[in-house]
Protein chains: 2
Amino acid sequence: MPPIKEERNMFSKSCEYALKAVIYIATQSLEGRRVKIADVADSSNTPQAFIAKILRTLTKSGIVSSLKGPYGGFEIDLQKMKELKIGEVVFAIDGDAVYTSCSMGLKECNDADPCPMHHKFVKVRTELKSMLETTTVYDLAQKLKSGKATILR
Amino acid sequence: MPPIKEERNMFSKSCEYALKAVIYIATQSLEGRRVKIADVADSSNTPQAFIAKILRTLTKSGIVSSLKGPYGGFEIDLQKMKELKIGEVVFAIDGDAVYTSCSMGLKECNDADPCPMHHKFVKVRTELKSMLETTTVYDLAQKLKSGKATILR
DNA sequence: TTTATTATGGATAAATTTGTCCTAAATAAA
DNA sequence: TTTATTTAGGACAAATTTATCCATAATAAA
């Protein structure tokens with residue numbers, strides 16, 4: 001009996017794309033390079049017109065900055081990159097429900113009035129939340145640069 | 001700047017419904033009651049025709065058992081309930097990607113050839129996986145029965 | 001054997017997510 | 001000032017997920 005949905009990941013596809021894009025832009029920014037949509041698309045193996053929309057969202061959210069015209073493109077400045085948590089990227093696309101809401105989607109579920117899974121699930125959510133809130137984009141870009149991470153597509 | 005998707009939860013809606021349904025059926029089975037689709041639908045606050053499909057999947061997966069006709073309905077026998085892990089319910093609906101696959105959806109990502117988030121994300125995934133694999137449906141039904149959990153809808 | 005009850009299953013619709021295409025606006029360089 | 005380059009943004013299409021409707025099959029009781 002195969003599952004109904006073979007690939008239901010933790011984050012939406014849009015969010016996965018956003019994460020890859022941000023990390024790629026960060027690594028290039030560290031080298032002083034501004035990158036174009038087309039670069040992002042193939043570095044992160046995503047459909048170009050689609051990642052363009054996502055980049056627009058990231059720009060509007062102040063996560064990356066963009067410049068039109070020749071020699072334009074996307075970048076993240078060093079200062080920003082060091083402050084920017086990966087959770088902010090997730091939040092801009094998927095919101096915070098993945099690390100704040102009930103495993104069964106119950107609106108009323110909380111410590112005082114819990115669903116049966118609540119206490120066990122809170123542990124997982126909390127670990128996810130704290131990981132997202134403590135990991136900077138700079139950290140991740142460094143991992144690639146130093147060879148501690150090897151793939152991005 | 002609001003997120004693109006306001007409610008992207010860890011599990012799909014179908015999966016959330018399945019979890020509520022299974023726990024509800026379990027509590028009723030503990031009382032020796034077989035339950036009808038309509039009961040499940042309003043106990044778990046889900047559209048009836050939709051939960052019917054999900055129940056069909058759960059029946060085919062051997063997670064619950066069903067009986068047609070008058071006095072029919074769904075149930076989970078005690079033995080089964082004690083062995084049944086909540087992870088099996090998740091798996092039947094959403095598959096295992098949520099606790100096995102890369103945060104960015106990268107097929108090639110693993111310990112030897114990791115993406116930049118890999119090591120941090122593995123911790124979260126692993127905690128989720130072990131929570132799902134150690135929590136039985138019986139445990140959860142007991143929580144409701146004993147008043148340690150108070151809501152299911 | 002008839003009737004009422006309940007799950008099964010197919011068809012289809014609505015909503016959301018993912019993906020594509022095309023034109024406009026901004027900008028740098030020639 | 002013209003041209004080439006690049007992001008912005010609207011309209012739309014495809015795919016997936018969520019949801020509804022209705023007819024059928026199975027079963028228990030009268």
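Side-chain atoms are counted along with the backbone in the values below, which use heavy atoms only and exclude waters and symmetry mates. Reminder, nothing fancy here: chain letters follow the sequence lines and each chain counts from 1.
- Within a 6.0 Å sphere centred on NZ of A/Lys145, other residues, nucleotides and ligands contribute more than 12 heavy atoms.
- Legend: salt bridge (charged side-chain N to carboxylate O under 4.0 Å, His left out) pairs involving residues 112-139 of chain B, not counting sequence neighbours, sorted by first then second residue: B/Lys129-B/Glu133.
- Of the two residues near DNA chain C, A/Gly69 and A/Lys13, the one whose nearest nucleotide lies more 5' is A/Lys13.
- Ring pair B/Phe121/A/Phe11 is tilted by interplanar angle, where 30° to 60° counts as tilted.
- Across all strands shown, A/Val35 has heavy atoms under 4.0 Å from sugar-phosphate atoms exclusively, and none from any base.
- In this structure, B/Val40 and B/Ser43 approach most closely via the heavy-atom pair O-OG, 3.0 Å.
- Heavy-atom nearest nucleotides on DNA chain C were determined for A/Gln48 and for A/Tyr71, and the one closer to the 5' end corresponds to A/Gln48.
- Among the protein residues, A/Phe50 comes within range of the nucleic acid bases, having at least one heavy atom under 4.0 Å from a base atom.
- Interatomic distance, A/Cys15 SG to A/Met10 CE, rounded to the nearest 0.5 Å: 11.0 Å.
- Closest heavy-atom contact between A/Thr150 and A/Gly147: CG2-O, 4.0 Å.
- Side-chain proximity of A/Pro70 to the nucleotides D/dT5, D/dT20, D/dT27 is greatest for D/dT5.
- Rounded to whole angstrom, the span from the NZ atom of A/Lys36 across to the C1' atom of D/dA4 amounts to 12 Å.
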* To do: Could you run through nucleotides 8-16 of chain D and give me one letter per nucleotide, 5' to 3': B if any protein heavy atom sits under 4.0 Å from the base, S if only the sugar-phosphate is that close, - if neither?
  => SSBB-----
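- Considering only heavy atoms from C-beta on, B/Thr135 stays 4.5 Å or farther from A/Met117 through its side chain.
- Taking only side-chain nitrogens and oxygens, B/Tyr17 never comes nearer than 4.0 Å to OP1 or OP2 of D/dT18.
- Where DNA chain C meets chain B (any atom under 4.0 Å from a heavy atom), the bounding nucleotides read 5' to 3' are C/dA4 to C/dT18.
- Rounded to a whole Å, the CD atom of B/Glu16 is 15 Å from the C1' atom of D/dA19.
- At whole-Å resolution of the value, CD1 in B/Ile51 and P in D/dT17 are 17 Å apart.
- Looking at heavy-atom distances under 4.0 Å, A/Val64 makes no contact with the nucleic acid at all.
- Using a 4.5 Å cut-off on side-chain heavy atoms (C-beta onward), B/Ser12 and B/Ile93 make contact.
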